[in-house]
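Working notes, beginning with the structure itself.
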Amino acid sequence: MAAIDTLDRPRLVPARMRPDDVLRVGAVGLRTRPLRAFLSALGIAIGIAAMISVVGISSSSGAELDRQLSSLGTNLLTVTSGQTLLGEPAKMPVEAEAMIERIDPVEAVSAVGQIEAAKVYRSENIPKAQTSGIFTYAARPDLLPTVGATLRSGTWLNEATQNFPAVVLGAGAAQRLGVSTAGPDSQVVVGGIRFTVVGILDPVPLAVELDSAAMVGWPAAEARLDFDGYPTTLYTRSDEAQLEAVRSVLAGTANPEAANEVDVSRPSDALAAKQATSQAFAGLLLGVGGVALLVGGVGVANTMVISVLERRPEIGLRRSLGATRGQIRTQFLAESLLLSALGGIGGILLGTGVTTAYAFSLGYPAVIPAWATIGGLLATLAIGAVAGLYPAIRASRLSPTEALSTR
Amino acid sequence: MTPPVIELSDVTKSYPGGVKALASVSLRIERGELTAIVGPSGSGKSTMLNIIGTLDRPSSGSVRIDGYDVSELSDSRLSALRGTRIGFIFQSFHLAAKVPALDNVAEGLLYSGLSRGERRRRAAVALERVGLGHRLDHDPHELSGGERQRVAIARAVAGDPPLLLADEPTGALDSVSGAGVMELLRDLNTSGTTIVIITHDREIAAGLPRQVRMRDGRIVSDSVTDVTEVATRRNAEFGVA
Ligand SMILES: Nc1ncnc2c1ncn2[C@@H]1O[C@H](COP(=O)(O)OP(=O)(O)OP(=O)(O)O)[C@@H](O)[C@H]1O
Ligand SMILES: [Mg+2]
């Protein structure tokens, strides 16, 4: 009997693979079948791109809203005449403006008064029956700064022009009337009288009713359009810290006799609420993106199963060269992770591109939260690990002789 | 004392379904031998070589390779044994397509723990050794069959294993390339490597110092052609005058 025993021999210990070798050997499958790798990475990329875009677009809109609110201010309160108990249009007293001005934290008050009878047309030739969906308002000269509106063209009504047949159009009204620039040559017919368009507003986010408005001076309205002089909407700016206090007394101050006949609102709340609903919708889209990502993961799993089947001889060879089961498993897991990481990075780039293009086209700031990018990458890695695990284990369990004898 | 490179005692291998590929095979191969395994198709040659190469385990019997009792080793230790002690040469080469010869050979050292630079350096030396020093950056499809098998041999010997196992290394080659490959293997043997070659070529077998003949899973003859030559070499290696 031989005196030599395994115990006397040097211990056999498989060498650890270096990380760069693990990466390199994991990339073998990608290099030899680039088209297949590209297509299965594309599946992941589409899912990630969808999710990043949804998050990016929603965040960019959010950032735009924040920017808008901080430039427009959130301290605007609007008082609108509502209805009487009998359902008829209510009227606020003519003194409402002056009374509100007396509330201490109120910094500015302005008003418009709707003139129901005065219809607006491009010219006298338009039949009277055809209404244009444009409302005529008498407006105070300080309306513009109070609602934070800006002019796209021309000037706002001033102490002089408010007495003349001069009109300023809201952005939507100008578009509907086909008026593109203000000036002496631009004229429209208001209540049967020719008015010169002296200005056109940009859209007014905090007073959207002005977008479809034709605004004339208070004195001109009274003199030429039979305006009764009652304000229909009051706009107030107050000390932000005391906004709630102002809000609670506003209705009673505007109409002491029938406080229930006026509505008080804060337009910036409506903007934020709109944002909240679009965020709920974004949540739904995010779910759709998640499903796309999952489908991409199934694609990667499929690619890996095929890869293992096709590469049995290679697996056998590697085992004969000294690869342990663990090293074979690591190789295919690395391949799967690389595949999905490539998809993930592609998707992040794609999603960033979509978000940037969207934000740029609307003049929004492009915002992609870091958590979305990092989360996207982690999600792809998790998917790569799950998708690759089963094929990798199968590869590692192959018997070397069986693998080598595969044709 | 150096153990025999290969020591099989009463090794059997049966496959599910009742096929008995090996029936009580005992074989001892010493350091520095060059052995041919011959026999009809289905006689168990490949089965035995796979068991020697620890790619497969026997159904019963004991297998010692370089002194290690294979049955006592876990799968990962067996892998280390293959990686450090055994080089394999296959009939179909098993080279990676579209990968230069140098990298194909360097892949043979991937599991050795050497750095990539060192692996490539040794791969270049091995290719030099098989006479392909001028083909380092050629892809397999740019090489002849004989050259491909040389690349595969370079891969097998790049880590300087004491044992080389070849299953019909000339089976896919014409006789001229085959002769070239055999000459290379003979040179490697002269420099100390123990080599076991399965072959169907009578001429090749007859030219090797030892022939093990198999039939129906048994060794039916084991003859040494030139005892003195083999013995002299063995003695010289062990320092016996
Ligand atoms: N995986 C397997 N499952 C079942 N039977 C097998 C398996 N592998 C080999 N055999 C059988 O074992 C026997 C020996 O096969 P082996 O491959 O060792 O023969 P061989 O001598 O190498 O033949 P050849 O010269 O044709 O390569 C054959 O009868 C074969 O059919
Ligand atoms: Mg065979």
Side-chain angles (χ1 to χ4, degrees), chain A residues 1-34 310-331 334 393 396-407, chain B residues 1-4 7 28 46-47 49-51 53-57 64 66-90 92-99 103 107-116 119 152 155-156 158-159 161 165 167:
Chain A
M1 193 61 220
I4 309 121
D5 210 325
T6 305
L7 294 174
D8 306 329
R9 309 286 299 155
R11 219 170 145 70
L12 290 165
V13 181
R16 289 187 68 84
M17 275 176 84
R18 293 150 187 256
D20 60 320
D21 286 333
V22 170
L23 269 185
R24 203 171 287 116
V25 82
V28 165
L30 314 194
R31 261 191 292 118
T32 49
R33 302 239 188 266
E310 278 179 353
R311 290 160 66 193
R312 286 162 65 120
E314 179 196 325
I315 294 166
L317 172 74
R318 290 186 184 279
R319 296 283 275 138
S320 82
L321 293 174
T324 63
R325 279 187 190 146
Q327 284 164 337
I328 296 294
R329 198 165 50 230
T330 305
Q331 172 180 348
I393 288 176
S396 73
R397 296 236 172 112
L398 267 178
S399 108
T401 48
E402 228 178 289
L404 275 168
S405 62
T406 314
R407 292 280 142 198
Chain B
M1 182 179 160
T2 319
E7 199 176 12
R28 187 183 164 111
S46 295
T47 304
L49 203 72
N50 285 340
I51 286 176
T54 75
L55 293 171
D56 214 348
R57 291 181 188 268
R64 276 175 185 277
D66 198 27
Y68 292 93
D69 184 342
V70 166
S71 67
E72 288 174 8
L73 297 179
S74 66
D75 183 81
S76 74
R77 293 199 193 287
L78 271 192
S79 303
L81 180 73
R82 287 195 290 271
T84 53
R85 311 293 205 278
I86 308 172
F88 292 88
I89 299 161
F90 308 96
S92 54
F93 323 132
H94 281 300
L95 296 177
K98 293 185 209 158
V99 174
D103 293 302
E107 201 74 357
L109 295 168
L110 180 63
Y111 305 99
S112 64
L114 296 171
S115 72
R116 184 166 135 91
R119 295 199 302 266
R155 181 180 61 199
L165 303 177
D167 195 341

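Residue numbers start from 1 in every chain, and the chains themselves are labelled A, B, ... in the order their sequence lines are given, proteins ahead of strands. The shown structure was predicted, so the numbers you read here are calculated from the model rather than taken from an experiment.
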Segment of B/S112 engaging chain A (4.5 angstrom heavy-atom cut-off): backbone
side-chain contact (heavy atoms from CB on, under 4.5 Å) evaluation trace for B/L110 with A/Q327: CA-CA 11 Å; B/L110 180 63; A/Q327 284 164 337; over 6 Å; no
Nearest atoms (heavy-atom pairs only) where A/P14 meets B/S76: CG-O, 3.6 Å
Selection from A/R318, A/R31, A/R16, A/M17 maximising heavy-atom pairs under 4.5 Å formed with chain B: A/R318
Could you go step by step and tell me if A/R319 and B/S79 meet the side chain to side chain donor-acceptor pair (under 3.5 Å) rule? CA-CA 7 Å; A/R319 296 283 275 138; B/S79 303; 3.2 Å; yes
Options B/G159, B/G83, B/S46, ranked by heavy-atom pairs under 4.5 Å with chain A, top entry: B/G83
side-chain contact (heavy atoms from CB on, under 4.5 Å) between B/E107 and A/V25, intermediate numbers included: CA-CA 9 Å; B/E107 201 74 357; A/V25 82; 4.1 Å; yes
Highest number of heavy-atom pairs under 4.5 Å with chain B: which of A/S399, A/G316, A/G326, A/A15? A/A15
Part of B/T84 within contact of chain A (heavy atom distance under 4.5 Å): side chain
Roughly how far, to the nearest 0.5 Å, is CG of B/L78 from OG1 of A/T324? 11.5 Å
side-chain contact (heavy atoms from CB on, under 4.5 Å) between B/R116 and A/R18, intermediate numbers included: CA-CA 9 Å; B/R116 184 166 135 91; A/R18 293 150 187 256; over 6 Å; no
Is A/R397 paired with B/D75 through a side-chain N to carboxylate O contact shorter than 4.0 Å? no
Checking B/Y68 side chain against A/P10 main chain: does a donor-acceptor pair fall under 3.5 Å? yes
Side-chain H-bond candidate by donor/acceptor type, A/S320 with B/R82, under 3.5 Å: no
Measure the CG-CZ distance between B/L81 and A/R9 for me, rounded to the nearest 0.5 Å. 9.5 Å
Which one wins on heavy-atom pair count under 4.5 Å against chain A: B/A96, B/S74, B/G108? B/G108
For a salt bridge (Lys or Arg N to Asp or Glu O under 4.0 Å) check, start with the C-alpha distance between B/D103 and A/R24, then their side-chain angles and the critical distance, and finish with the verdict. CA-CA 12 Å; B/D103 293 302; A/R24 203 171 287 116; over 6 Å; no
Side chain, backbone, both or neither: which part of B/L114 has a heavy atom under 4.5 Å from chain A? backbone
Chain A contacts, top residue of B/A156, B/G87, B/S115, B/P161 (heavy-atom pairs, under 4.5 Å): B/S115
Counting heavy-atom pairs under 4.5 Å with chain A, the top scorer among B/T54, B/T47, B/D66 is B/D66
Report the C-alpha separation of A/E402 and B/D56 in whole Å, then their side-chain angles, then the decisive distance to 0.1 Å, and conclude whether the side-chain contact (heavy atoms from CB on, under 4.5 Å) test is met. CA-CA 9 Å; A/E402 228 178 289; B/D56 214 348; over 6 Å; no
Let me confirm one number: the CG-CG distance from A/L404 to B/D167, rounded to the nearest 0.5 Å. 10.0 Å
Quick one: pull up CG in A/L317 and CZ in B/F90 and give me the separation to the nearest 0.5 Å. 5.5 Å
Pair B/R119 + A/D21: basic N to acidic O under 4.0 Å: yes
